[in-house]
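Along the sequence shown, residues are numbered consecutively beginning with 1. Just so we're clear, the structure is a prediction, and the values are computed from it rather than from any experiment.
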Amino acid sequence: MMTAAEVAGIKRKEPPIDDTSEHKKLKRESKDKKLNTSILGKPDEEKPVELDAARRDTLATASHLLKDFGEPFSSSPALLRYTKCGQIPHVTRDLTEGTGVSIVTLQSVIAPLRALPSLKISDYLKINNVLLTHYDSHQALDLSSFNDNNTISVWGKSGRVKVCNKDYLDLIRGSQPEMFVCLADVVPATVSPKRADKSCWRTINWITESLTYISDNPGFTSKPLAMLPGSGHRQLMLKAASILSERGVAGYVVERATLPEDWSGLVNDVVSLLPQDKPVFFMGARSPKELVTALRCGCHFVDSSCTLTYSDYGRALLSSARSPEVKPVPVVPTVDFGPALATGVPNQEVAPKKKKETGKVCVFGELPPELGAAELNLRDRAFQRDFVAIESTCTCFTCTRHTRGYINHLLLTNELLGPTLLQLHNNFHLDVLLQQARQSLTTNGSLHDFCNELPS
């Protein structure tokens with residue numbers, strides 16, 4: 001029989017662990033080290049990546065890389081047209097025919113494609129050269145918290161829809177777009193290293209499953225593109241890029257939403273690890289300046305999703321940062337007739353309220369200030385009697401037919417034609433920008449001087 005002392009010794013608790021700040025720090029470092037080695041192997045040593053100067057500073061014409069994609073990719077750098085269900089937002093279809101490659105989001109077509117599995121997406125949308133992606137670069141919702149190891153969530157017209165990799169590939173096989181982005185767990189750059197590591201693991205597994213599915217189905221004609229995971233965490237993105245560089249995908253996609261604010265150096269290093277015989281697509285750039293920065297980092301194609309943001313906020317892009325000449329609006333003294341109902345005599349003239357400084361090139365007030373582009377805020381009343389074009393040197397549909405004052409009237413009265421005219425102008429601006437970038441590559445062999453001349 002055990003004595004009381006022996007029983008007390010058994011029930012005696014272990015001494016508490018030293019939970020000082022130094023202990024917590026060591027424990028956290030050990031956990032992060034274990035996390036990084038769990039999925040992507042041992043972490044690389046902290047050393048600078050050897051950059052390919054030719055790919056970093058110049059962007060050679062990639063026609064020979066894109067011969068399998070057809071005529072729309074005959075020249076690079078090129079602009080991919082961002083669409084909603086195959087149509088540029090605010091713009092009718094007859095004004096956008098023959099505009100090259102169109103980005104179509106899965107959210108906008110998932111209902112008809114599920115109802116008619118054998119329906120070709122080109123026949124349904126009446127357009128050719130479709131790049132189908134499951135992630136909308138212009139969406140405001142972050143659905144990454146709804147993703148799991150088997151499915152992602154997209155926001156369709158009927159609400160949130162869960163899509164697994166096999167269902168997604170079956171839709172691709174039936175709709176037959178020219179290209180598609182393989183399923184990826186897209187998370188913002190603000191997530192923790194643990195969540196970013198999980199995103200890498202899921203994305204790489206789904207890409208591997210997609211390539212196996214394609215090899216098992218000889219009738220699969222769409223070209224797969226791999227989205228680079230990592231969510232802005234340098235070591236994860238570099239490791240994922242080195243792994244995906246050995247996969248048999250047709251190209252790679254870099255999503256701006258997964259990158260930190262200062263992303264140019266990171267994208268530069270990541271692109272240098274990818275095969276030079278495969279194109280790189282940069283999607284979700286927030287301004288023309290970011291578009292050209294992506295091209296300097298070695299990306300071959302960019303999208304036009306930023307024009308929708310500018311048009312929705314009543315902004316018109318400019319090719320020069322010079323403040324445009326704006327005719328001042330005559331100040332009309334205001335009279336308060338409220339007390340006249342009782343006395344019959346109106347009050348004295350009241351000085352007008354001091355308005356916010358207007359009529360200058362500014363950056364979005366409602367959006368992050370790092371967008372950085374020269375633009376006009378045509379919602380400003382300073383333009384209501386300004387009867388000149390948005391930009392005198394522009395030859396787009398809007399600038400050759402309408403004035404700033406008319407567009408200001410349309411925006412202030414919430415007419416649908418206002419964003420339409422701005423969308424036409426902003427898309428034309430990006431087309432000219434990409435044309436100038438190609439010309440700079442032809443003459444100078446580099447985009448360095450061209451990027452420095454852009455307004456910021």
Original post:
Roughly how far, to the nearest 0.5 Å, is the CG atom of Leu291 from the CZ atom of Phe301?
Top reply: 14.0 Å
**OP:** Nearest 0.5 Å please: distance from the CG atom of Asp197 over to the CZ atom of Arg202.
**Re:** 11.0 Å
**OP:** Kindly compute the distance separating CG (Leu421) from CD (Glu415), expressed to the nearest 0.5 Å.
**Re:** 11.0 Å
Original post:
Judged by atom type as modelled, is there a donor-acceptor pair below 3.5 Å linking the side chain of Arg379 to the main-chain atoms of Leu411?
Top reply: yes
Original post:
For Cys182 and Ile207, what are the C-alpha separation, side-chain angles and deciding distance, and is it a side-chain contact (heavy atoms from CB on, under 4.5 Å)?
Top reply: CA-CA 6 Å; Cys182 294; Ile207 293 174; 3.9 Å; yes
Subject >> Contact summary for Thr293 and Ser264, nearest pair of heavy atoms >> reply: CG2-CB, 3.8 Å
Original post:
Looking at side-chain heavy atoms only, is the closest gap between Leu430 and Val302 below 4.5 Å?
Top reply: no
Subject >> Contact summary for Leu236 and Pro193, nearest pair of heavy atoms >> reply: CD1-O, 4.1 Å
Subject >> Any pair counted as ring pair (Phe, Tyr, Trp, His ring centres under 6.0 Å), so long as it reaches residues 231-254, sequence neighbours left out >> reply: none
**OP:** Evaluate the side-chain proximity of His429 to Thr307: yes if any heavy-atom separation is below 4.5 Å, no if none is.
**Re:** no
**OP:** Taking the side chain as every heavy atom from C-beta outward, state whether Met179 and Val101 have any atom pair closer than 4.5 Å.
**Re:** yes
Original post:
What are the two closest non-hydrogen atoms of Ser305 and His138, and how far apart are they?
Top reply: O-CD2, 3.8 Å
**OP:** Establish, yes or no, whether a centroid distance under 6.0 Å links the rings of Tyr213 and Tyr168.
**Re:** no
Original post:
What's the shortest heavy-atom distance between Ala316 and Leu422, and which atoms?
Top reply: CB-CD2, 3.8 Å
Subject >> Pairwise distance OG1(Thr151) to CH2(Trp206) - rounded to 0.5 angstrom >> reply: 6.5 Å
**OP:** Could you walk me through whether Gln176 and Ser122 pass side chain to side chain donor-acceptor pair (under 3.5 Å), step by step?
**Re:** CA-CA 8 Å; Gln176 299 180 13; Ser122 58; over 6 Å; no
**OP:** Return yes if some donor-acceptor pair links the side-chain N/O of Ser304 with the main-chain N/O of Arg81 below 3.5 Å, else return no.
**Re:** no
Original post:
Considering only heavy atoms from C-beta outward, does the side chain of Thr309 approach that of Arg286 to under 4.5 Å?
Top reply: no
**OP:** Kindly give the heavy-atom pair with the smallest separation between Glu209 and Leu169, and that separation in Å.
**Re:** O-CD1, 4.4 Å
**OP:** In plain terms, say whether Arg404 and Asp380 are close enough for a salt bridge, that is, a side-chain N and a carboxylate O under 4.0 Å apart.
**Re:** no
Subject >> Candidate pair Ser287 and Tyr310, rule side-chain contact (heavy atoms from CB on, under 4.5 Å), full reasoning >> reply: CA-CA 9 Å; Ser287 68; Tyr310 283 95; 3.5 Å; yes
Original post:
Between atom CD1 of Ile103 and atom CG of Leu132, what is the distance when rounded to the nearest 0.5 Å?
Top reply: 10.5 Å
**OP:** Given salt bridge (charged side-chain N to carboxylate O under 4.0 Å, His left out), test Glu261 with Arg256 step by step and report yes or no.
**Re:** CA-CA 9 Å; Glu261 297 304 328; Arg256 174 63 179 88; 3.5 Å; yes
**OP:** Could you check if a side-chain atom of Ile390 sits within less than 4.5 angstrom of a side-chain atom of Leu318, using non-hydrogen atoms only?
**Re:** yes
Original post:
Do Arg315 and Asn426 have side-chain atoms, one donor and one acceptor, less than 3.5 Å apart?
Top reply: no
**OP:** Would you check if the side chain of Ser311 reaches a backbone N or O of Leu308 as a donor-acceptor pair within less than 3.5 Å?
**Re:** no
Subject >> Whether Ser272 side chain and Asp269 backbone form a donor-acceptor pair below 3.5 Å >> reply: yes
Subject >> Donor-acceptor contact present, side-chain Thr420 to main-chain His90, <3.5 Å >> reply: yes
Original post:
Does atom CG of Asp262 have more than 12 heavy-atom neighbours, drawn from other residues, nucleotides or ligands, at distances under 6.0 Å?
Top reply: no
**OP:** Go through the side-chain N and O atoms of Arg173 and Asn217 and say whether any donor and acceptor fall under 3.5 Å apart.
**Re:** yes
Original post:
Would you say Pro177 and Val104 make side-chain contact, with heavy atoms under 4.5 Å?
Top reply: no
Original post:
Do Val253 and Thr133 touch side chain to side chain, with heavy atoms closer than 4.5 Å?
Top reply: no
Subject >> Distance (rounded to the nearest 0.5 Å) between His409 NE2 and Thr403 OG1 >> reply: 10.5 Å
Original post:
Is there a donor-acceptor contact under 3.5 Å from the side chain of Ser118 to the main chain of Gly174?
Top reply: no
**OP:** Answer yes or no: is there a donor N or O on one side and an acceptor on the other, between the side chain of His425 and the main chain of Cys399, under 3.5 Å?
**Re:** no
**OP:** Run the salt-bridge test on Asp148 and Lys162 with the 4.0 Å N-O cut-off and return the result as yes or no.
**Re:** yes
Original post:
Is the backbone N or O of Gly284 less than 3.5 Å from a side-chain atom of Asp303, with the two atoms forming a donor-acceptor pair by type?
Top reply: yes
Original post:
Side-chain donor-acceptor pair under 3.5 Å between Thr208 and Asn205, yes or no?
Top reply: no
Original post:
Do Asn147 and Ser144 pass the side chain to side chain donor-acceptor pair (under 3.5 Å) test, and can you show the C-alpha distance, the side-chain angles, and the key distance before you say yes or no?
Top reply: CA-CA 5 Å; Asn147 299 344; Ser144 59; 5.7 Å; no
Original post:
Tell me, do Asn129 and Ser102 make a side-chain contact under 4.5 Å, heavy atoms counted?
Top reply: no
Subject >> side-chain contact (heavy atoms from CB on, under 4.5 Å) between Leu376 and Glu391, intermediate numbers included >> reply: CA-CA 10 Å; Leu376 290 180; Glu391 199 164 19; over 6 Å; no
Original post:
Do you know the tightest heavy-atom contact between Leu412 and Arg381?
Top reply: CD1-NH1, 3.8 Å
Original post:
Can you tell me if Gln87 uses its side chain to pair, donor with acceptor, with the backbone of Val91 under 3.5 Å?
Top reply: yes
**OP:** Report the C-alpha separation of Tyr124 and Leu113 in whole Å, then their side-chain angles, then the decisive distance to 0.1 Å, and conclude whether the side-chain contact (heavy atoms from CB on, under 4.5 Å) test is met.
**Re:** CA-CA 9 Å; Tyr124 173 66; Leu113 293 185; 5.6 Å; no
Subject >> salt bridge (charged side-chain N to carboxylate O under 4.0 Å, His left out) pairs, two or more places apart, involving residues 112-136 >> reply: Lys84-Asp136
